[in-house]
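Following: one structure in structure tokens, then a few remarks.
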Amino acid sequence: MSPAQKTIKKVAIYCRVSTTDQDWQRQEKELLDYCHRAEYEIAEIFHESASGADNDRPERAKAIALAQARKIDTVLVTELTRWGRSTPDLIDTTETLVSKGVSLEALQGLDFDLSTPQGKLLRTIFAGLAEFERDLIRDRVKSGMANAKAHGKHCGRPSGFSKKALDSMPTVMELKSDGYSHQQIADKVQLSQRTVIRLLKSQFSADTENASLN
């Protein structure tokens, strides 16, 4: 293929630091140098100051919006941990990108593109890790309930909740642990934000009570 026919990959650079007193310049320099070597076209650069568990990431949302508008081919980060809050979040956001034909590429050599063998392997591994995380949460809840029952505490259904709300409790807890906001959880489980908050408060009270028994 001649230089005139060469397809130039358009990328969005995403840099994130955990605190406002940290500097994202090192990340940006490494990513810019990489783009120069790979002859990528930079569509936009995003800078974010947020902890790994922080759900409020407006700059990341802008990068995802670019992907959804099909204005980029790749999102480029220094490490996958700069992008994902957790394993489930990494999978969820990556699949959002991939559904629009956009890959997530990290400088350490990981290219999370489900159309490639490496991307498919990573998807399988991370999906397994996400399921493991969910199992840990379920085990913690079951263990807490068993411990409470052993000490004569009542572990029936919390009063004032519909069957749908109670059935959604494990999912609500998992999403909360993944860093989702109350409104995002409510949207995903199709409950009101008020109900989600009440469910989480009831579980927090149960966890606190169980902890006091140990």
Side-chain angles (χ1 to χ4, degrees), residues 3 6-134 136 174-181 184:
K6 184 178 180 179
T7 300
I8 303 298
K9 183 181 290 189
K10 297 185 68 173
V11 304
I13 286 177
Y14 179 77
C15 306
R16 181 183 66 80
V17 293
S18 299
T19 60
T20 55
D21 61 349
Q22 290 180 315
D23 198 332
W24 40 257
Q25 290 182 351
R26 177 193 61 80
Q27 291 181 43
E28 184 180 270
K29 183 180 185 305
E30 290 179 1
L31 293 169
L32 288 174
D33 289 345
Y34 180 81
C35 287
H36 178 72
R37 294 193 302 271
E39 299 183 351
Y40 289 169
E41 177 184 343
I42 301 171
E44 199 157 348
I45 301 175
F46 299 98
H47 305 115
E48 196 100 75
S49 295
S51 70
D54 195 342
N55 186 65
D56 185 17
R57 295 194 186 179
E59 297 305 304
R60 189 179 75 157
K62 292 177 184 177
I64 292 174
L66 274 184
Q68 292 174 323
R70 301 181 187 275
K71 293 183 178 180
I72 55 175
D73 303 302
T74 299
V75 174
L76 189 62
V77 295
T78 52
E79 303 97 15
L80 292 180
T81 53
R82 298 295 91 196
W83 177 264
R85 293 188 307 266
S86 62
T87 303
D89 173 70
L90 177 62
I91 293 172
D92 185 43
T93 53
T94 301
E95 289 188 337
T96 298
L97 298 177
V98 171
S99 69
K100 300 299 180 181
V102 177
S103 63
L104 177 63
E105 187 174 342
L107 291 189
Q108 71 258 65
L110 295 177
D111 188 350
F112 213 138
D113 180 348
L114 299 190
S115 66
T116 67
Q118 183 193 51
K120 291 175 182 177
L121 175 61
L122 286 173
R123 172 64 176 81
T124 301
I125 293 172
F126 287 157
L129 290 173
E131 183 61 29
F132 176 68
E133 289 180 8
R134 286 190 287 268
L136 287 178
E174 289 168 15
L175 292 172
K176 182 61 177 176
S177 70
D178 290 340
Y180 286 88
S181 68
Q184 287 176 316

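Excluded from the calculations below are hydrogen atoms, water molecules and symmetry mates; all remaining heavy atoms, backbone and side chain alike, are included. Every value quoted in this text rests on a predicted model; they were computed, and no experiment measured them.
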>> Testing the basics here: between Ile72 and Ala63, what is the closest heavy-atom pair and its distance to 0.1 Å?
In response: CD1-O, 4.0 Å

> For Cys15 and Gln27, which heavy atoms make the closest approach, and how far apart are they?
Replying inline: CA-OE1, 3.4 Å

> Atom CD of Gln68 and atom NZ of Lys100: how far apart are they, to the nearest 0.5 Å?
Replying inline: 6.5 Å

> So how far is it from Leu104 CG to Tyr14 OH, rounded to the nearest 0.5 Å?
Replying inline: 11.0 Å

> Do Gln184 side-chain atoms and Ser181 backbone N/O form a donor-acceptor pair below 3.5 Å?
Replying inline: yes

> What's the shortest heavy-atom distance between Cys35 and Val11, and which atoms?
Replying inline: SG-CG2, 3.8 Å

> By side-chain hydrogen bond (donor to acceptor under 3.5 Å, both in side chains), which residues pair with Lys71, not counting sequence neighbours?
Replying inline: none

> With a 3.5 Å cut-off and no angle check, do the side chains of Glu28 and His47 form a donor-acceptor pair?
Replying inline: yes

>> Please enumerate all residues that pass ring pair (Phe, Tyr, Trp, His ring centres under 6.0 Å) together with Phe46, with sequence neighbours excluded.
In response: none

> Salt bridge between Asp33 and Lys29, side-chain N to carboxylate O under 4.0 Å?
Replying inline: yes

>> What's the separation between atom CD1 in Ile45 and atom CG in Leu32, rounded to the nearest 0.5 Å?
In response: 4.5 Å

> Can you tell me how far the OG1 atom of Thr78 sits from the CD atom of Glu105, to the nearest 0.5 Å?
Replying inline: 12.0 Å

>> Measuring from atom CZ of Arg57 to atom OG1 of Thr93, what distance do you get when rounded to the nearest 0.5 angstrom?
In response: 9.0 Å

> Roughly how far, to the nearest 0.5 Å, is CG of Leu76 from CD of Glu30?
Replying inline: 10.5 Å

>> Between Glu41 and Asp73, is the side chain to side chain contact (heavy atoms under 4.5 Å, CB included) condition met? List the steps.
In response: CA-CA 10 Å; Glu41 177 184 343; Asp73 303 302; over 6 Å; no

> Under a 4.5 Å cut-off applied to non-hydrogen side-chain atoms, are Val77 and Arg16 in contact?
Replying inline: no

>> Whether the side chain of Glu48 engages the backbone of Glu59 through a donor-acceptor N/O pair (distance < 3.5 Å, no angle test) should be reported.
In response: yes

>> What I'd like to find out is whether the side chain of Trp83 reaches to under 4.5 Å of the side chain of Leu97, using heavy atoms alone.
In response: yes

